[in-house]
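Because the structure is a prediction, the values reported are computed rather than measured. Values below: all heavy atoms of this structure, side chains included; hydrogens, waters and symmetry mates excluded.
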There are 2 protein chains.
Amino acid sequence: MNPESNAQRNTKQRSAVRDVLAETEGFHSAQDLHAMLRDRGERVGLTTVYRTLQGLADTGEVDVMRPPGGEHLYRRCSQGHHHHLVCRSCGRTVEVLGPAVESWAEKMAGEHGFVDVSHTMEIFGTCPECAQKS
Amino acid sequence: MNPESNAQRNTKQRSAVRDVLAETEGFHSAQDLHAMLRDRGERVGLTTVYRTLQGLADTGEVDVMRPPGGEHLYRRCSQGHHHHLVCRSCGRTVEVLGPAVESWAEKMAGEHGFVDVSHTMEIFGTCPECAQKS
DNA sequence: TGCGCTTTTGACAATCATTGTCATTATCGA
DNA sequence: TCGATAATGACAATGATTGTCAAAAGCGCA
């Protein structure tokens, strides 16, 4: 009956996942992160990694990206909403901010009576270096 | 050795897939479309549906959406770029136009020197009716 | 129009990320 | 410290998508 059920317990595994996320740059798949944890000697089950990431994604602590043709990629989310500009050749990622986009999305949703709104946006392109190579 | 190998042959199956797409509104999964084709008496393999959809997506004839937690959804692309407002409960879809978003994406990409830019955006929320039910 | 090369098809198997299960373990509040 | 309860993790299950390859169909050319 607890409305704000903060039943989030603080476990070693959860901290471990947070730690790797904090110490790595860029996006990584759940399986990647799992492998990193094993290399560090942490003993964390793959299932747990998945569930932890889901939880973190729910609370907005991490970003999730679903690139075409692949696994979900996770990344420590710098607080605040933002989007990504991704090079489709080398995978380089640039964070971009677009307050205008945020408010536009909200407005659109509002006009149609939608509530509890979220949105995803990704920009794909070829970065300067990759463009030069071809 | 043909550089522009337009080796696209015109088969019954391909037309059939195009036809269902043309005559249905909204998004449908590959499996959906396959089922519709069977109902019509068309004899098309599931594998072929997948491959045809991929091809159509490559040429930009159809939209692809990857909602969280599910299959890919395909839709005949109404010419012109647009985005979608999707109810995460009942799946209802509303098309929304946002020229501002388009140009913003282009500008952002340009500022970072990215070329050959495309982008995806989806807005998720709960539509008025579903919100009332809960 | 008929022939042959090449693409396409389609049934089935294989893949693989993600989720479900459930007994065991660890955490947190009292 | 103790007990209720959430979290863990090994494993199985799921299910969409892709690979395979022999058989069939399209298209260009004579």
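- A salt bridge (charged side-chain N to carboxylate O under 4.0 Å, His left out) check over residues 109-118 of chain B, counting only residues at least two apart or in different chains, returns the pairs Arg88(A)-Asp116(B).
- Overall, the helix from dT1(C)-dA30(D) to dA30(C)-dT1(D) carries an axis bend of 50° between its ends, with five pairs at each end and the value rounded to 10°.
- A straight line from NE2 of His34(B) to P of dT17(D) spans 13 Å, rounded to a whole angstrom.
- Taking only side-chain nitrogens and oxygens, Gln13(A) never comes nearer than 4.0 Å to OP1 or OP2 of dA7(D).
- Close to dT19(C), at under 4.0 Å from its OP1 or OP2, lies a side-chain N or O of Gln54(A).
- Looking at residues 42-53 of chain B, you'll see Thr47(B), Tyr50(B), Arg51(B) sit with a heavy atom under 4.0 Å from some atom of DNA chain D.
- Listed candidates were dT8(C), dG10(C), dT17(D). Nearest to the side chain of Arg14(B) is dT8(C).
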Give every pair of a protein N or O atom and an N or O atom of nucleotides 27-30 of chain C that lie under 3.5 Å apart, one pair per line with the distance.
unit_1: dT27(C); atom_1: O2; unit_2: Arg9(A); atom_2: NH1; d: 2.7
unit_1: dC28(C); atom_1: OP1; unit_2: Asn10(A); atom_2: N; d: 3.2

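- Using a 4.5 Å cut-off on side-chain heavy atoms (C-beta onward), Val96(B) and His84(B) make no contact.
- Using a 30° and 60° split on the angle between ring planes, His72(A) and Tyr74(A) fall in the tilted class, from 30° to 60°.
- In this structure the side chain of Trp104(B) reaches within 4.5 angstrom of the side chain of Val101(A), judged on heavy atoms.
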Name the atoms and distances for all side-chain donor-acceptor pairs under 3.5 Å in residues 26-47 of chain A, with sequence neighbours left out.
unit_1: His28(A); atom_1: NE2; unit_2: Glu25(A); atom_2: O; d: 3.1
unit_1: Ser29(A); atom_1: OG; unit_2: Asp32(A); atom_2: N; d: 3.1
unit_1: Gln31(A); atom_1: NE2; unit_2: Tyr50(A); atom_2: OH; d: 3.1
unit_1: His34(A); atom_1: NE2; unit_2: Val44(A); atom_2: O; d: 3.0
unit_1: Arg40(A); atom_1: NH2; unit_2: Glu23(A); atom_2: OE1; d: 2.5

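- The CZ atom of Arg14(B) sits 9.0 Å away from atom OG1 of Thr48(B), with the distance rounded to the nearest 0.5 Å.
- A pairwise comparison of heavy atoms in Cys87(B) and Cys127(B) identifies SG-N, 3.4 Å as the closest pair.
- Distances shorter than 4.0 Å separate some side-chain N or O of His72(B) from OP1 or OP2 on dT17(D).
- Two residues are said to be in side-chain contact when any heavy atoms from C-beta on lie closer than 4.5 Å; Val117(A) and Phe124(B) fail this criterion.
- In this structure, Gln31(B) does not reach the dG15(D) phosphate: none of its side-chain N or O atoms is under 4.0 Å from OP1 or OP2.
- In summary, Glu61(B) and Arg75(B) do not engage in a salt bridge, as defined by a charged side-chain N under 4.0 Å from a carboxylate O.
- Nearest heavy-atom pair, Leu97(A) versus Met108(B), reported as atom, atom and distance to 0.1 Å: O-CE, 3.4 Å.
- Not counting sequence neighbours, Arg51(A) has no partner by the side chain to side chain donor-acceptor pair (under 3.5 Å) test.
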